[in-house]
Amino acid sequence: MKIHMRLFQRKGWYHVEFERNQRRALKTKDKAEARELFLELKRQYLAGKLHDLRGECATTLFPFSKEYKEWAGTVQPKSTYNANRLALDKLMQHAGDIPLDKITLKHLDAIVAQSKRDDLSTASINNYIRHLRTVLNKAVAWGYLKINPLRQAKELPQQKKPPRFISRNDLSRFLHSIADLDLRRVVVALVSTGRRRKELLSLTWADVDFDRNVYLVRQSKTHLSRHYPINSAFLAVLNSLERGPGKVFKRWRHPDTLSHYVKLALTEAGFADFRLHDLRHTFASLFMESGGNLRTLQDLLGHTEYRTTEIYAHIGEDHLREEVDRVKIGPVDLLNSGQKANER
């Protein structure tokens, strides 16, 4: 194979030139070292690694996607893997099988524009942005890229709505409206623990320690296993179930199935705009209304960052406004009316 490559020196530094007057600095003034590097580059060129020689990325999006999915499928939680996979698939649809270093923010803009046309929520679009950044960080870690081409991608501004929760009075009515006993039990468990649906459905009887009155959450969003106390309402749920090997809530094999049934129950009870996750918010609101504090709530909900828990701060403030008048100190003369009477 005939190739055009030459080694040359400029201002004491060695360089290599190849194809169409393209050059690469070898960053050395030593002739022997420069010769060794030159031969290595020639071997790379002959092996078909022209992109490596030019300092470009030789790996394209499709094979990287396949490699990433094979790796992620074995080490990442299923929900994280699925989100990363969907984001990658979106990128491949819009960018094609291009070199990884040719991915630009323009490709991400195309995904955002299409998602808006498909009437996806801002939260869903931001998920694509976050997970694509994460995926391409792995390309950097694996040495395919020097920098993440989407490192500067910003999420869309999103108006944060206050958390929805069922009031204490409405909660009793809602629970009594659930005719399905299994569903009622798991709903009480969700409200009384504040657990995420996957955390609760993954609970096994081996994770429940009745002697210490605690239960262990092995699978959580933050991937941290930890014990939580069993309160009286959750204990009542556990005592109503048949104990044995395996999971505590055996009927609900898939989280989406539980979400579907909870949504139906909420709709029938007049809470059509609510969803299963709002039961977690309900736990938080009941805790704060009962005089709880945000730091303790952070621990009970399993939040790693305090700012995540701060969305419930206004609940505690509302409760304080209602409770402040409990302090009674009796009538006090603050206008000095007694002195005025003496003066008359």
Side-chain angles (χ1 to χ4, degrees), residues 44 48-160 196-199 201-202 217-225 254-256 259 277 302-305 307-308:
Q44 290 183 19
K49 298 181 179 180
L50 180 60
H51 290 287
D52 288 346
L53 180 62
R54 289 175 175 170
E56 300 174 354
C57 179
T59 304
T60 58
L61 184 56
F62 285 11
F64 167 75
S65 176
K66 181 180 179 181
E67 183 182 11
Y68 180 87
K69 290 175 183 177
E70 290 176 352
W71 168 81
T74 60
V75 301
Q76 293 180 343
K78 188 175 180 180
S79 59
T80 303
Y81 165 75
N82 285 335
N84 288 335
R85 176 180 57 81
L86 288 173
L88 259 178
D89 290 345
K90 284 285 184 182
L91 181 60
M92 288 190 291
Q93 290 173 14
H94 290 273
D97 192 22
I98 62 173
L100 294 181
D101 61 350
K102 299 302 181 184
I103 297 171
T104 67
L105 290 174
K106 186 176 181 179
H107 295 114
L108 187 58
D109 290 341
I111 295 174
V112 172
Q114 183 62 55
S115 298
K116 287 186 175 181
R117 287 193 293 270
D118 293 340
D119 201 26
L120 265 65
S121 67
T122 302
S124 297
I125 297 173
N126 285 340
N127 273 336
Y128 287 142
I129 297 173
R130 283 196 302 272
H131 285 278
L132 279 176
R133 277 201 308 254
T134 299
V135 168
L136 292 180
N137 278 338
K138 183 56 67 174
V140 175
W142 285 348
Y144 295 143
L145 290 171
K146 291 184 178 179
I147 57 175
N148 186 334
L150 301 183
R151 67 194 183 282
Q152 294 181 332
K154 296 181 179 179
E155 297 179 25
L156 302 182
Q158 189 173 359
Q159 183 178 4
K160 292 187 177 181
R196 302 177 181 91
R197 61 177 189 172
K198 186 177 180 181
E199 293 173 348
L201 295 188
S202 299
V217 173
R218 295 184 181 275
Q219 299 182 32
S220 70
K221 189 175 181 180
T222 53
H223 317 304
L224 299 174
S225 297
H254 197 283
D256 288 344
S259 292
H277 195 73
H303 289 160
T304 55
E305 296 186 11
R307 64 181 181 179
T308 308

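Worth saying up front: this structure is predicted, and the values here are computed from it rather than measured.
- The minimum heavy-atom distance linking L100 with P149 is given by the pair O-CG, 4.1 Å.
- Between R218 and S225, the closest heavy-atom pair is O-OG, 3.3 Å.
- Listed for the S202 side chain is no donor-acceptor partner under 3.5 Å among the backbone atoms of E199.
- Across all non-hydrogen atoms, the minimal contact from H131 to A87 is CB-CB, 3.9 Å.
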Test side chain to side chain contact (heavy atoms under 4.5 Å, CB included) on D256 and R197 and set out the steps.
CA-CA 9 Å; D256 288 344; R197 61 177 189 172; 3.0 Å; yes

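- Ion pairing between a basic and an acidic side chain is recognised when a charged N comes within 4.0 Å of a carboxylate O; R133 and E155 show such pairing.
- Separation of atoms CG (D101) and CG (N148) is listed at 12.0 Å; rounding is to 0.5 Å.
- One distance of note links CD of Q114 with CG of L120; it measures 9.5 Å at 0.5 Å rounding.
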Let me see the working for R85 and D89 under side chain to side chain contact (heavy atoms under 4.5 Å, CB included), right down to the final yes or no.
CA-CA 6 Å; R85 176 180 57 81; D89 290 345; 3.8 Å; yes

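- From K78, atom NZ reaches atom NZ of K198 across 8.5 Å, with rounding to the nearest 0.5 Å.
- Here the rule is side-chain contact (heavy atoms from CB on, under 4.5 Å) with L132, and of I103, L86, L108 only L108 fits it.
- Taking the six-membered ring for Trp and thresholds of 30 and 60 degrees, W142 and F64 have ring planes more than 60 degrees apart, a perpendicular arrangement.
- Here the closest heavy-atom approach between residue L61 and residue L91 is recorded as CD2-CG, 3.8 Å.
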Test side chain to side chain contact (heavy atoms under 4.5 Å, CB included) on L88 and N84; report intermediate values, then the result.
CA-CA 6 Å; L88 259 178; N84 288 335; 5.9 Å; no

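- Separating the CG atom in L156 from the OG atom in S121 is a distance of 10.0 Å, to the nearest 0.5 Å.
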